[in-house]
Each structure stands twice: as structure tokens, then as C-alpha cells.
Amino acid sequence: MQLTDLTARRLLDGYRTGEFTPVEATEQALALARRTQPRVNAFVRLTERDALARARESAGRWRRGEPAGLLDGVPVSVKDLLLLRGHPTLRGSRALSERGAWAEDAPSVARLREHGAVFLGKTTTPEFGWKGVTDSPLTGVTRNPYDTSRTTGGSSGGSAAAVALGAGPLSLGTDGGGSIRIPAAFCGIFGLKPTYGRVPLYPASPFGTLAHAGPMTRDAADAALLLDVVAGPDARDWSALPPAPGSFTHALAGGVRGLRVAYSPSFGGQVAVAPAVAAAVRRAVARLADLGAYVEEADPDFSDPVEAFEVLWFSGAARIAQLLSPHLRKLLDPGLGEVCARGARLSALDYLAAVDARMDLGRRMGRFHERYDLLVTPTLPLTAFEAGAEVPRGSAHRRWTGWTPFTYPFNLTQQPAASVPVGRDGDGLPVGLQLVAARHRDDLVLRAAHALYEAGVACRPVVTPAGN
């Protein structure tokens, strides 16, 4: 049996019955990660010795019938923006040093450790997570498992590739403008950006309250399980939410019958969507109606907030550079350097004007969700393009925000949003559908996504041997 094809829940069932062990699952995941690393480059580093030691400890607990928590023995990976105790977190940058004790876990990593998860390694990111594709001066280009000439998207591209390949069914990503949802869509996995503060962040992101941490998984039920583990307050994050009112796993069973769903295929004609993407999303929306949702084509009441987003984003980038010496700034990704320079020219009044626009967008979406439980859009207007480029060939845009108009608005509003794989285009590349709910209604996003998996509309990743 290929344990790398299994969900976290299926692995846990196997451990419980003795069908296989955490050691076997970890060994297979590590072997697959090593085998695919030269072509895909999903990992910054594999933590093999630690992983196998934790897997052996987990196997002993399962033999005694004393699992440590909800994910005991499940192989997981962690994006290299999040601290993992005992291992460097270099954030895709040559400007940071490996020296140091690295004695602390990020809050979400600490929760995984408490629940017995097995850490396979750190996954790749563009430098400081600054763009929507995954390449960096430190680690090079990360490639899409479905077609290694294509990008994974970013900035959690290594995590998406690892999950799609089967190098662990779970990964922790971060999302400041789409960085979980973009690579989830391009790599055919499930990715959830929870409500801001639902998963605490420490250290704080340089991009401030745009940045969320969340699950990247093989399906929505695994994401709910992972969120049950990593959600909840942490004293190091003053903006973290209190504990969720109930289990996200238990909330999956409600289905979509009676939910009011707004389907916006192009934000009112503002976005040109590839025909294959539009068709796959439209079919999935029709199935939501078949399952009992009240579906209406309706667009949220806003124009593209890219200017406000870029002011906030570029200001955060400029702060990164401000903290580096002139020598270290020269080591930055040239594109990041350009963005830092733009951010440094912005004024406090520019920033406050962007905050005003953000507040207005939040108001508009709050009113929108008085009428609709869920908003459905494409996650992206296109499928994966050539690896190593920030924008598709021939694009009129210079920056990654030009091809991600469906994702970053919901970082501004801090709403829960997920990408669900709902088909392939003519080249066999995955298509993502985005589900968005009002703040604090992560349960609705997960519930609707789970209904799509149960109905066979959404599918778990299947990477062909050629893709591997």
C-alpha cells in the first residue's frame, strides 16, 4: 500500500488498527520527498533524523493505546516562514544567517508538536513570502508536480507541492494575499486561509494584519482536523482570537442545503477568466445547487482594491529592507528590492488612505454577507504558467497582483477563504474554486468544501508518474 496516497484521517485509522505504523508512513513520505526533490524542489531541508525519532515514539504510544493527540504520528511539513524548533527558518533569503539556537516553535507548530505530529521538514517560499510564485535566491525555483515546467504558485508553493506529491498529507502555510490559495489551486490541493487571528502568528508578519496561517491538505476534512489542532489563542500573538466555539471537524456534516450562495464568475466582468477555468467552476457551482444550496449569480459591491493592497504590501516589504544593512539588501531578490523601493517612497498618509479603503471594503463585504452565506469565485483566472516567472508570458502586468484579483481582497477583509480543486484544464493542470464566508464563519467554508468532496466534484490530488 502506498501510504503517501492517504489522508491524515486514513493514516490515523491505520495506526489505530495496527494495519501500519507511523514509522512506515514517515519512511515512505521521506523517501518520496527525497526522490522528487531534484525535479520539484518542494523542501528547503528535510529533518529526517528528528522525523524518524518522533515516528518511533509515536509508534510506541499507538502500541500502548495512548496516542498523544489528534495527529499523533501524522507526517507534516512547515513553510519556511514559520519557526520549527531546532532548525533554521531562513525565509527564502540569503540575508539571514543559519547561526542561532532556533529554540522556539511558532504557535501553530507548537500545537502540532503537542499533538504528536511528525515534522518532515521545511518547505520552500519566495523570499519573505513576498510574491505569488515560489522561487528565491536561496533555494531556486519550486516546480509544479503536475508539470515541472510550470510554477506551483506561491508563496506557500513548497507546501502545496509536498501535499500534492504525497510527502505528508498536511502542511502549514501562510497567506498574505493568496499565498495558501494560489498554490493550492495550481497544485490541485485544498488550502484554507482562516479568519484572521484564528491561527495565531508569531513572530508577527512584516505584512501585518494581511497575513494568516492555515492548513494545506489533501481534502477539506483533513483541513478541519488540522484547524482543530492549530486554532486557538497564543500569548505571543496579541491579535489571536479566543478558542473556536466548537470543533471544525464536527461542523463538516451539515452539507449545503439551504445555504445562500452568491456565484461571481468574474467580479462583474472586471476579471478575464480562462474558458477552462470558468467552465470547471460553473460545473461545481451547479452541483452546489443540486445539493440544495440557493445559488444566485451576484457580484460583491467593490472595484479592484489592488492599489490599497499594494500600498500595505509594499510598505511591509520596505520594512523588511529597512531592518537589513546595505550589504544584505544587495542580496535580496531583485523583484523584492523593487517592491521595497516602492514601499519606501510611500507616506504615512498613503498608508492611512489604504487603511480607509480597506475599512470600506470590509463594510461592503459585511453587508454582502447579510444576504449571502457564501461567495463563490474562481480562485484564479488561469492555471499554472511557466516556472521561474512572476507573471505569465505576455502579461500586461509587472507584479503578481495582476493575475490574482480573486484572492487578495479577502486578506484586506480578513475573511475565511479556501481553494477547492474542481477539475483540470486541457493541459491536465488543476483548476481551483474559491469559497468565501463572513469573518468567523470558517465552519461554513469547510462545510461547503467538504460537501463538494463528498459529491465527487472536488478531488484529492493525483500526480501521474510523469509528473513525479
Side-chain angles (χ1 to χ4, degrees), residues 7-12 68-72 74-79 81-82 105-117 119 156 159-160 162-163 168-175 179-181 183-184 189-202 211-234 237 239-254 374 410-411 414-421 434-454 458 460:
T7 64
R9 303 178 325 284
R10 178 66 180 88
L11 288 176
L12 291 165
L70 295 178
L71 294 174
D72 200 351
V74 175
V76 302
S77 58
V78 177
K79 183 180 181 179
L81 296 184
L82 297 169
D105 283 327
S108 51
V109 175
R111 301 295 86 75
L112 285 174
R113 192 181 297 279
E114 291 166 7
H115 281 261
F119 299 108
S156 306
S159 288
V163 172
L170 307 177
S171 192
L172 285 176
T174 65
D175 188 317
S179 290
I180 286 172
R181 291 158 291 155
I189 69 164
F190 182 78
L192 171 67
K193 176 186 76 69
T195 300
Y196 178 80
R198 178 57 63 208
V199 179
L201 272 175
Y202 168 83
H212 306 224
M216 304 182 73
T217 60
R218 296 181 71 81
D219 62 18
D222 266 10
L225 176 61
L226 180 51
L227 192 58
D228 278 337
V229 169
V230 300
D234 186 285
D237 182 354
S239 63
L241 294 174
S247 163
F248 294 105
T249 297
H250 293 163
L252 292 173
L374 291 167
F410 305 110
N411 292 83
Q414 302 188 337
Q415 294 171 246
S419 183
V420 185
Q434 181 174 233
L435 291 163
V436 184
R439 291 176 73 241
H440 312 295
R441 293 311 309 267
D442 308 75
D443 58 316
L444 285 183
V445 171
L446 287 163
R447 198 169 113 194
H450 183 61
L452 289 172
Y453 278 99
E454 291 285 283
R460 299 182 186 95

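In this chain, residues are counted from 1 in sequence order.
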* To do: Report yes or no: does Asn411 contribute a side-chain atom to a donor-acceptor pair with the main-chain N or O of Asp175 at less than 3.5 Å?
  => yes

* Asked: Okay, side chain of Asp222, backbone of Arg218: is any donor-acceptor separation there less than 3.5 Å?
  -> no

* Provide the closest heavy-atom pair for Ala211 versus Tyr196 in the form atom of the first, atom of the second, distance. => O-CE1, 3.3 Å

* To do: Please report the closest heavy-atom contact between Pro169 and Val163, naming both atoms and the distance.
  => O-CG1, 3.9 Å

* **Any donor-acceptor N or O pair under 3.5 Å, side chains Ser159, Lys79** => no

* Determine the minimum heavy-atom distance between Ala418 and Leu192, stating which atoms define it. => CB-CD1, 3.9 Å

* From His212 NE2 over to Leu201 CG, what is the distance, rounded to the nearest 0.5 angstrom? -> 9.0 Å

* **Phe190 side chain reached by Leu446 side chain, heavy atoms, under 4.5 Å** => yes

* Structure fact -> Looking only at heavy atoms, the pair that brings Pro416 and Val445 closest together is O-CG2, 3.9 Å

* To do: Locate the shortest heavy-atom distance separating Asp237 from Ser239; write the atom from each residue and the value.
  => OD1-OG, 2.7 Å

* Closest approach of Arg181 and Gln434, non-hydrogen atoms and distance? -> NH1-OE1, 2.8 Å

* To do: Look at the side chain of Lys193 and the backbone N and O of Gln415, then say whether any donor-acceptor pair between them is shorter than 3.5 Å.
  => yes

* Asked: Within the distance-only criterion (no hydrogens, no angle test), does the side chain of Asp442 pair as donor or acceptor with the backbone N or O of Pro194 below 3.5 angstrom?
  -> no

